[in-house]
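Below you'll find the structure, written out as structure tokens, and then a few comments.
All heavy atoms count here, side chains included; hydrogens, waters and symmetry mates do not. Throughout, a chain's letter reflects where its sequence line sits, starting with A, and its residues are numbered from 1.
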2 protein chains.
Amino acid sequence: MSVTIYDVAREANVSMATVSRVVNGNQNVKPATRKKVLECIERLGYRPNAVARGLASKKTTTVGVIVPDISKSYYAELSRGIADIATMYEYNIILSNSDKRPIREVELLEDHLGKQVDGIIFMSDSLTDEIKKEMGTANVPIVLAGTLDANTNLPTVNIDHEQAAYEAVKKLIDNGHKRIAHVAGPMSRDINKFCKKVGYERALQEAGIPLREEYFIETDNTYDDAYDKWKKLASLDEMPTSIFAGNDEIAVGIMNGIRDDGYSIPDDFEVICFQHTLLSRVVRPQLTTIVVPLYDLGAVSMRLLTKLMNGEEVDDTNVVLPYRMEERQSTK
Amino acid sequence: MSVTIYDVAREANVSMATVSRVVNGNQNVKPATRKKVLECIERLGYRPNAVARGLASKKTTTVGVIVPDISKSYYAELSRGIADIATMYEYNIILSNSDKRPIREVELLEDHLGKQVDGIIFMSDSLTDEIKKEMGTANVPIVLAGTLDANTNLPTVNIDHEQAAYEAVKKLIDNGHKRIAHVAGPMSRDINKFCKKVGYERALQEAGIPLREEYFIETDNTYDDAYDKWKKLASLDEMPTSIFAGNDEIAVGIMNGIRDDGYSIPDDFEVICFQHTLLSRVVRPQLTTIVVPLYDLGAVSMRLLTKLMNGEEVDDTNVVLPYRMEERQSTK
DNA sequence: TTGAAAGCGCTAACAT
DNA sequence: ATGTTAGCGCTTTCAA
């Protein structure tokens, strides 16, 4: 079949061990032998079998990435950050979509572990007890990226969503608004429920503005749903004068609703949101946003994972990355 | 360390062969034995080692996916199609970004082959001789997804971009336009150079409209570049009256340029483009587009690959998928 | 229906 | 600096 290390050894009149040393860049090889071996490798078209290597060395230089849906640009961007750092440290990535389904998440974890990945980066809306239990059986490090970790002590990488939401709403308050709606993503996502919403409420309370149930709208995170939900807000006796949206896709849905009703932004309504995609910059008016460093979340997660896989001591395994606000045209 | 097939065998008082049969669903096992083995597997928390299995069976149930940039929604969407079919056939995916760099593409192919993937799905702008040569050394099937294949006979999955471009431009012509610009993606991408541009030219020629050099604009496929390039068109003595854009991101750049110059769409300019993202639907006016079935391109590629990996006879390895035009507000 | 045994292609002591 | 020799954990004949 295909050429093995043994074929190369025979061809070069050395042992497999020597070929192995050459392939792995071990210095204990006489330059002349190295040259000879390299020539045979080239001539025979030898390509080391990583599976055999993995079995023998118990390391696959592969990490698992479990993501809700790679077709969402949020995760696509994050994954690119993961991939670049993985490449830098010579790891491959096995990428799987969970669609946030707990059963599937457990299956995938099991599956990746069976494939002997050296580590895993996990993303989800919320961690079930089952998945936590499954993670407990893993013998390789796991890092949660952009995923809240309630009462486990798994390594995580995040931004301070609560504070970011607070600042976003604070900006609206500072601009004089008292009627501020929050059009959120699904509450099944912990970050929405325990961070963004909480930050929104904290800002209002701090300003002495009472919370109004009718100003809180939950969406399924899609443009279309957000567009529809605008009607709810529009039908209120007392409409809000500004909107804090969970992300830019939601914000654009709301914006188009506002616009189609003949109102204008930022004159009639001010809008602010978390920025996940290009959308924020290309719609008109451009959206004022909290810029989420998605690429960095991925990159830092992977970097953290490499340390963990190396058995390095990590002082703080709960990394919090900075974010920034970008003021554009949807606020004054 | 971790529990192996041998541990299970001992615990269940059977041979490894029997455990292997149970794990692999082989029918030649007495139900009682199967039950006993299954219990031990459960009790010991045995998890089959896919690396060992891969070495022994010479199949890894893993396919390689080499993509220019997963953070682009074009490829993210396509990859999701690949992933879903892969899951259906119980394959894992190793996903790598090439950034379209030929050297990197060759490295990645080599790398994936070394990992003993059972097949590869490859995406790129253009195939260099080196990559074709490298592909020749592969002992597993390779499918090109959304990637033009000049004079090789690799399996491919595509839509008829030339015809689609022709129809898009034809629509503009039918709407009475004679001054039609083509704002294209980079010509380094074969599909742009040999399909979309050619379809544009064919439509014009067929209508007896002479090609004008100044109406052909190349961009780097980004919103920002397209936005800048609008100025070129705007500065012409005789501006075009309609634009055929390579994709929606380019189209939105052009649209915003048009709009910022105080013109209106579709009254002053009509715009049509290929649809790669959500953008087409959420901008106002919504864009008339050629809808590219990205998910299906991925799914069909993976389905084709499974057949090839199974050694099935495939009558036609150059699949051409249908597309459709969606008329929205950027044309009359 | 079950077991024994020979690899799969490599790494990693241990020798020399 | 190089070779010898066990495995790594599984699948897969071949026997029984």
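- Between the CD atom of B/Gln27 and the P atom of C/dT2 there is a distance of 12 Å, given to the nearest Å.
- Side chain of B/Leu55, nearest nucleotide from D/dG3, C/dT2, C/dC8: C/dC8.
- Heavy-atom neighbours of A/Lys115 NZ from other residues, nucleotides or ligands within 6.0 Å: above the threshold of 12.
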How does each nucleotide of nucleotides 10-16 of chain C score, in 5' to 3' order, for protein heavy atoms under 4.0 Å: base (B), sugar-phosphate only (S), or none (-)? BBB----
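- Rounding to whole angstrom units, CG of residue B/Asn26 and C1' of C/dG3 are separated by 14 Å.
- Using modelled atom types, one finds a donor on one side chain and an acceptor on the other under 3.5 Å when comparing A/Tyr295 with A/Asp84.
- Taking atom NZ on A/Lys36 and atom C1' on D/dT2, their separation rounds to 10 Å, with Å as the unit.
- Atom pair B/Asn28:CG and D/dA15:P shows a separation of 18 Å (rounding to whole Å applied).
- The OG atom of A/Ser126 lies 9.0 Å from the CD atom of A/Glu105; values are rounded to the nearest 0.5 Å.
- Residue contacts shown for B/Asp7 are absent, as no nucleic acid heavy atom lies under 4.0 Å away.
- For D/dG9, one of the phosphate oxygens OP1 or OP2 lies less than 4.0 angstrom from a side-chain nitrogen or oxygen of A/Lys58.
- B/Arg10 has its CZ atom 14 Å from the P atom of C/dA4, to the nearest Å.
- Qualifying ring-ring contact (aromatic ring centres under 6.0 Å, His included) partners for B/His276, counting only residues two or more places apart in sequence or in other chains: B/Tyr74.
- Partner of B/Phe122 under the side chain to side chain contact (heavy atoms under 4.5 Å, CB included) criterion, out of B/Asp149, B/Val143, B/Ile131: B/Ile131 alone.
- Proximity of B/Val29 to B/Arg34: side-chain heavy atoms (C-beta onward) are separated by under 4.5 Å at one or more points.
- Taking only side-chain nitrogens and oxygens, A/Ser15 never comes nearer than 4.0 Å to OP1 or OP2 of D/dT2.
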